[in-house]
Amino acid sequence: MSDRLPVIFLAGSTAVGKSAVAAALADLINAEIVSCDAMQVYREANIISDKPSSDLQRRIPHHLIDVVSVTEEFSAARYRALASAATADIHSRGKIPLIVGGSGMYMMALLDGLFEGDVNSVVRAELEAVDPVELYAELKQVDPDAAAAIPSENVRRIVRALEVYKATGIPFSQVKQRREGFWGKYAVRIFGLERPREELYRRVEVRIDQMVTAGMMEEVRSLLTLPLSSTGARIIGVPEVKGVVDGVYDIERAVYLMKLHTRHYVKRQMTWFRKDKRIEWLTLASGETPVAIADRIYKNIKHA
RNA sequence: GGGUAGGUACCCAAGUGGCCAAAGGGGACAGACUGUAAAUCUGUUGAGCUUGCUCUUCCAUGGUUCGAAUCCAUGCCUGCCCA
């Protein structure tokens, strides 16, 4: 631990209260924040991605927010490249990088790395045109290990596995073992914030109601006039409001769907983070202030 | 008050004598995840255990039948139409 530079991760699901805790912790340890959020990277999505306020961003430097337009495709790889650079930059200024977010895959990409194997959009498009049953049969042929690990129904992952094989000539199941990330390179501590599920869901509802009063509808309506990328079009709130714009249902229904989809997302985030045994969990009491929580983490770091 | 359609599991909904602990969908819960990840996909969902079986279910009560969610009677409740 001695000679390695410190990096602190703060993980947790949507609406658990990460941002406020991160800000308080950043003050305590003189850190800069690196957002680990697949949607806060989008410049035009402010309300629906629940970005930290501009005041907060002025007080504490935040990285990986507003880095691309919603018209651009984003990915774990782009995130990894940018976040790695931001981390090095923060270190170079003698500060601690505090990586905060709920996008499990992006966090994994940073923590454990990604293998070489770029997206080949031409190959991908070809594969996506093929009958899924045939695709799966092909994967079985070419890479039985990957086929065994991926359910035949999950076309998305089958396509990806085949795409990597075709691009690299190496089976996906082998390629994916070659990678390295922050874990082992830096002195990493990963803290996870959790709350009782019921309380989390209540917080989700409150947050989305607040988004509505903050002008979410208008924001999404203007987003919908842009040629959204496939990733940008998936921010929770965009497809839901599109239904209103298209006259399929009313606003009330859209809000209900946003809450529902966010709850589902929270569930998947929990599943993702729970399996990572490196995470040090803190269960939050409902009345506990962000400063108090940050202090718990701070003491934990100091005593390590 | 009269007529009519109906009451099925957490919700919606199929089933109209045995193959029904009961299709399907939603929700909920659990899980997978290596460049689209706020994506994509899987499992469980009456109870109990020795996981195959036992027990308790389809508004209520009574009846018909070897056998009822399914047929009959009565009651209660709901929607619609007429008064």
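Basis for what follows: all heavy atoms, side chains included, without hydrogens, waters or symmetry-related copies. The structure presented is a predicted model; accordingly, all values stated were derived computationally and were not measured.
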Between the side-chain atoms of A/Arg157 and the base atoms of B/rU40, is any donor-acceptor pair under 3.5 Å? no
Considering heavy-atom distances to RNA chain B, does A/Ser49 or A/Gly113 have its closest nucleotide positioned more toward the 5' end? A/Gly113
Classify the ring geometry between A/Phe74 and A/Tyr106 as parallel (under 30°), tilted (30 to 60°) or perpendicular (over 60°). tilted
Nearest-Å distance, CD (A/Glu163) to P (B/rU36)? 7 Å
Regarding A/Arg58 and A/Asp55, does a basic nitrogen lie under 4.0 Å from an acidic carboxylate oxygen? yes
Pair assignment for B/rG79, Watson-Crick or G-U wobble, requiring both distances under 3.5 Å: B/rU4
Base of B/rU36, side chain of A/Arg234 - is there a donor-acceptor contact under 3.5 Å? yes
B/rA32 P sits how many Å from A/Arg160 CZ, rounded? 21 Å
Between A/Met108 (CE) and B/rC33 (C1'), how many Å, whole number? 9 Å
Determine the interatomic distance between C1' on B/rU8 and the same-named atom on B/rC58; round to the nearest Å. 4 Å
Return the value, rounded to whole Å, for the distance between atom CE of A/Met107 and atom P of B/rC33. 18 Å
Whether A/Tyr186 and A/His91 hold their rings parallel, tilted or perpendicular, with breakpoints at 30° and 60°: tilted
Separation of B/rU42 P from A/Ile158 CD1 (nearest whole Å): 11 Å
Looking at every strand, decide which applies to A/Met39 at a 4.0 Å heavy-atom threshold: base, sugar-phosphate, or nothing. base
If you only use heavy atoms from C-beta on, which nucleotide in B/rA30, B/rC41, B/rA38 is closest to the side chain of A/Arg274? B/rA30
Hey, does A/Arg124 reach any base, or is it just sugar-phosphate, or nothing, if we go heavy atoms under 4.0 Å? base
Lys/Arg-Asp/Glu bridge criterion (N-O < 4.0 Å) met for A/Lys51, A/Asp37: no
OP1 or OP2 of B/rA38 under 4.0 Å from side-chain N/O of A/Ser103: yes
Taking only residues two or more places apart in sequence, or in another chain, which ones meet A/Arg274 in a salt bridge (Lys or Arg N to Asp or Glu O under 4.0 Å)? none
Would you say the side chains of A/Tyr201 and A/Glu205 form a donor-acceptor pair under 3.5 Å? no
With both distances under 3.5 angstrom, what nucleotide forms a Watson-Crick or G-U wobble pair with B/rU50? none
Between A/Lys299 and A/Asp295, does any NZ, NE, NH1 or NH2 come within less than 4.0 Å of an OD or OE carboxylate oxygen? yes
Nearest-angstrom distance from the residue atom OH of A/Tyr79 to P of B/rA38: 11 Å
So which nucleotide from B/rA37, B/rA32, B/rU34 ends up closest to the side chain of A/Thr231? B/rA37
Whole-Å gap separating P (B/rA37) and CG (A/Asp276): 19 Å
Could you check A/Lys176 against A/Met105 and say which one's nearest nucleotide on RNA chain B is further toward the 5' end? A/Lys176
Would you mind pulling out the nucleotide paired to B/rG27, Watson-Crick or G-U wobble, both distances under 3.5 Å? B/rU45
Check whether A/Gln269 reaches the backbone of A/Gly104 with its side chain - one donor and one acceptor, N or O, closer than 3.5 Å. no
Check ion pair A/Glu126-A/Lys166 (N to O, under 4.0 angstrom): no
Close side-chain approach of A/Ile60 to A/His62, heavy-atom, < 4.5 Å: yes
Whole-Å P distance, B/rC55 and B/rC59: 22 Å
Please give the distance between the C1' atoms of B/rA22 and B/rC12 as a whole number of Å. 16 Å
Would a hydrophobic clustering, with Ile, Leu, Val, Met, Phe, Trp and Tyr connected at side-chain separations under 4.5 Å, put A/Val244 with A/Met258? yes
Check whether any side-chain N or O of A/Lys275 sits under 4.0 Å from OP1 or OP2 of B/rA32, and answer yes or no. no
Taken to the nearest whole Å, CG/A/Leu223 to P/B/rA38 is 17 Å
Of the listed B/rA38, B/rC41, B/rU34, the closest approach to the A/Phe172 side chain comes from B/rU34
Which residues within residues 256-273 of chain A lie with some heavy atom under 4.0 Å of an atom in RNA chain B? A/Leu260, A/Arg263, A/His264, A/Tyr265, A/Lys267, A/Arg268, A/Thr271, A/Trp272
Taking any heavy-atom pair under 4.0 Å as a contact, classify A/Asp112: base, sugar-phosphate, or nothing. nothing
Contacts to RNA chain B from residues 191-216 of chain A, heavy-atom cutoff under 4.0 Å, which residues? A/Arg197, A/Tyr201
Across the strands shown, which category fits A/Glu128 at heavy-atom distances under 4.0 angstrom: base, sugar-phosphate, nothing? base
